[in-house]
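One structure below.
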Number of protein chains: 2
Amino acid sequence: MDKRELLLDTALRLFVEFGFHATPTSKIAKQAGIANGTLFYFFSTKDELIKALYVDIKSRMTAYILETIKDETSLYGIIKGYYSAPLYWALEHKTEFQFVTQFSNSPYLNQIAADEIQKHIQPFLDIITRGVQEGVLKPIDVDIIFALIRGHTFSINQYLIEKPFPKAEQDKVIDETFYLLWGMINNR
Amino acid sequence: MDKRELLLDTALRLFVEFGFHATPTSKIAKQAGIANGTLFYFFSTKDELIKALYVDIKSRMTAYILETIKDETSLYGIIKGYYSAPLYWALEHKTEFQFVTQFSNSPYLNQIAADEIQKHIQPFLDIITRGVQEGVLKPIDVDIIFALIRGHTFSINQYLIEKPFPKAEQDKVIDETFYLLWGMINNR
DNA sequence: TTAGTGACTGACTAAACAGTCACTAAAATA
DNA sequence: TATTTTAGTGACTGTTTAGTCAGTCACTAA
């Protein structure tokens with residue numbers, strides 16, 4: 001791991017544990033075993049570091065999701081992937097997921113360009129639109145369906161964090177909650 | 001509005017706009033037109049102010065929800081109330097709701113005693129438990145049902161913020177999304 | 001009328017902070 | 001080999017910060 005990565009990794013853990021306000025750059029550098037000035041060599045300001053961390057994590061998560069669904073052909077399979085892949089990723093990357101949640105619900109999110117966010121969700125919106133057009137999904141506003149699926153993911157992630165299960169049971173929870181979700185949006 | 005309230009109100013708006021890290025106590029006092037020292041007369045530290053604000057808002061929201069559902073007798077009505085009342089409250093108190101969201105997803109939440117949180121949600125958990133026992137709700141883990149309802153509320157709140165509708169249409173969205181939610185958890 | 005109280009003030013301070021800068025050591029390029 | 005670029009250092013600084021404190025003032029009640 002090079003020093004830039006090491007800084008990002010250390011910052012991640014400190015931000016999640018103490019919050020942005022209570023994590024000085026000096027503490028990040030010290031804990032990473034890297035000189036103070038090096039942090040500012042890689043990131044011009046503390047805010048830049050925070051934003052870079054978000055973009056970095058977000059793109060890794062997106063890559064994982066796209067990799068997971070790449071062989072799915074049915075709408076059902078793709079939507080299930082978009083629901084469950086983030087959950088599996090979150091279980092393996094708890095701190096990262098928590099950071100993204102923290103960041104997304106803070107005023108920092110406004111500092112990320114709208115199209116940077118849009119580009120991550122657009123493919124999924126297209127899929128939902130197709131689902132509605134083909135009559136597989138209920139004829140509801142696409143943004144509502146999107147919000148519901150995403151909300152479902154966050155809810156169940158929260159549930160799985162608060163009640164840690166063995167792996168096999170986790171899979172069962174994810175499967176069964178998708179079944180509930182699918183029942184809600186699917187056009188029977 | 002007395003000075004304590006004025007400070008809380010000013011802090012609320014600044015925290016939501018700039019975040020905890022970028023809102024110094026001096027800025028809060030100045031913007032409220034109150035002396036610096038007065039802030040520390042009412043709140044011993046900045047952290048205390050932040051926590052007091054959370055507790056204050058949370059209890060006002062809970063009071064509103066309980067008031068809304070107090071005459072409901074059916075499980076259907078109560079659960080609908082627990083879903084929709086926060087949404088109506090959030091629409092009238094956007095900044096407050098955003099603050100609670102921001103706070104809840106930050107490490108500050110850990111500083112709030114677990115039983116302080118529990119006391120707000122316990123009555124609702126009891127209702128859900130009754131619903132499952134009576135066979136009105138699907139036989140699923142009560143905490144899952146709770147997580148799903150709460151997640152639904154957050155999702156639709158987000159949707160309503162991003163797509164502002166006229167009042168009549170808002171009501172329609174809330175009603176129809178509750179219908180979807182009810183279909184998912186109700187034991188047909 | 002005096003003594004006390006609680007709300008409130010704003011100048012002040014010590015510590016902490018983000019960010020700078022002059023400097024190296026090593027690697028890439030010429 | 002000589003020169004430039006890149007990665008990295010850590011002591012330093014100017015500013016900002018949370019929090020303090022000595023004191024004012026309106027009011028109360030004995």
Side-chain angles (χ1 to χ4, degrees), chain A residues 1-57 59-60 95 99 102-103 106-113, chain B residues 1-57 95 99 102-103 106-113:
Chain A
M1 208 191 293
D2 66 20
K3 305 219 164 182
R4 200 189 112 102
E5 274 183 86
L6 195 59
L7 280 167
L8 284 173
D9 190 66
T10 307
L12 165 67
R13 281 179 291 104
L14 290 174
F15 286 144
V16 168
E17 185 171 4
F18 303 109
F20 302 124
H21 66 292
T23 306
T25 51
S26 56
K27 200 173 173 183
I28 298 169
K30 197 173 184 180
Q31 190 129 141
I34 286 170
N36 204 302
T38 309
L39 189 150
F40 291 96
Y41 173 71
F42 288 112
F43 311 97
S44 61
T45 64
K46 186 184 179 181
D47 273 23
E48 281 306 316
L49 163 65
I50 293 173
K51 283 188 268 177
L53 189 50
Y54 172 79
V55 170
D56 181 61
I57 294 176
S59 68
R60 274 188 283 139
T95 314
F99 176 84
Q102 188 175 327
F103 185 97
S106 80
Y108 272 114
L109 189 65
N110 300 324
Q111 290 182 39
I112 301 290
Chain B
M1 209 191 294
D2 65 20
K3 303 216 165 183
R4 201 190 112 101
E5 275 181 86
L6 195 60
L7 280 167
L8 284 173
D9 190 66
T10 307
L12 164 67
R13 280 178 290 105
L14 290 174
F15 285 144
V16 168
E17 183 170 5
F18 303 108
F20 302 124
H21 67 291
T23 306
T25 52
S26 56
K27 199 173 174 183
I28 298 169
K30 197 171 184 180
Q31 189 130 138
I34 288 170
N36 203 301
T38 310
L39 190 152
F40 291 96
Y41 174 72
F42 287 113
F43 310 97
S44 60
T45 64
K46 184 185 180 181
D47 272 23
E48 282 305 315
L49 165 64
I50 293 173
K51 283 187 266 177
L53 189 52
Y54 173 77
V55 170
D56 182 62
I57 293 175
T95 315
F99 176 83
Q102 188 175 328
F103 184 98
S106 81
Y108 271 114
L109 189 66
N110 300 325
Q111 289 183 40
I112 301 289

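We name chains A, B, ... by the order of the sequence lines, and we start the count at 1 in each one. Values below: all heavy atoms of this structure, side chains included; hydrogens, waters and symmetry mates excluded.
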Just how far is it from atom [atom1] of [X] to atom [atom2] of [Y], taken to the nearest 0.5 Å?
X        : Y       : atom1 : atom2 : value
A/Phe43  : A/Ile28 : CZ    : CD1   : 9.5 Å
A/Asn110 : B/Glu17 : CG    : CD    : 9.0 Å
B/Lys30  : B/Asn36 : NZ    : CG    : 11.0 Å

Figure out the [atom1]/[atom2] separation between [X] and [N], and round it to whole Å.
X       : N      : atom1 : atom2 : value
A/Lys46 : D/dT16 : NZ    : P     : 16 Å
B/Leu39 : C/dA11 : CG    : P     : 17 Å
B/Phe42 : C/dA7  : CZ    : P     : 6 Å
A/Glu48 : C/dA18 : CD    : P     : 15 Å
B/Phe43 : D/dT17 : CZ    : P     : 20 Å
B/Ile28 : D/dA18 : CD1   : P     : 8 Å
B/Asp47 : D/dT17 : CG    : C1'   : 13 Å
B/Phe20 : D/dT17 : CZ    : P     : 16 Å

Out of [options], whichever nucleotide has its closest atom nearest the side chain of [X]:
X       : options               : value
A/Phe40 : C/dA18, C/dT9, D/dG19 : C/dA18
B/Tyr41 : C/dA7, C/dC8, D/dG19  : C/dA7
B/Asn36 : D/dG8, C/dG10, C/dT9  : C/dG10
A/Ala35 : D/dA11, D/dT9, C/dA11 : D/dT9
A/Pro24 : D/dT20, C/dC8, C/dC17 : C/dC17

*Sugar-phosphate, base or nothing in reach of A/Thr45, heavy atoms under 4.0 Å*: sugar-phosphate

If you compare every side-chain N and O of [X] against the phosphate oxygens of [N] (OP1, OP2), does one of them come in below 4.0 Å?
X       : N      : answer
B/Lys30 : C/dG10 : no
B/Lys27 : D/dT16 : no
B/Thr38 : C/dT9  : yes

*Does a salt bridge link B/Lys51 with B/Asp47, judged by any charged N lying under 4.0 Å from a carboxylate O?*
no

*Decide side chain to side chain contact (heavy atoms under 4.5 Å, CB included) for B/Leu8 and B/Leu49; before the verdict, give the C-alpha distance in whole Å, the side-chain angles of both, and the deciding distance to 0.1 Å.*
CA-CA 8 Å; B/Leu8 284 173; B/Leu49 165 64; 3.7 Å; yes

_Pairing check on D/dC27: which nucleotide meets the Watson-Crick or G-U wobble criteria with it, both distances under 3.5 Å?_
C/dG4

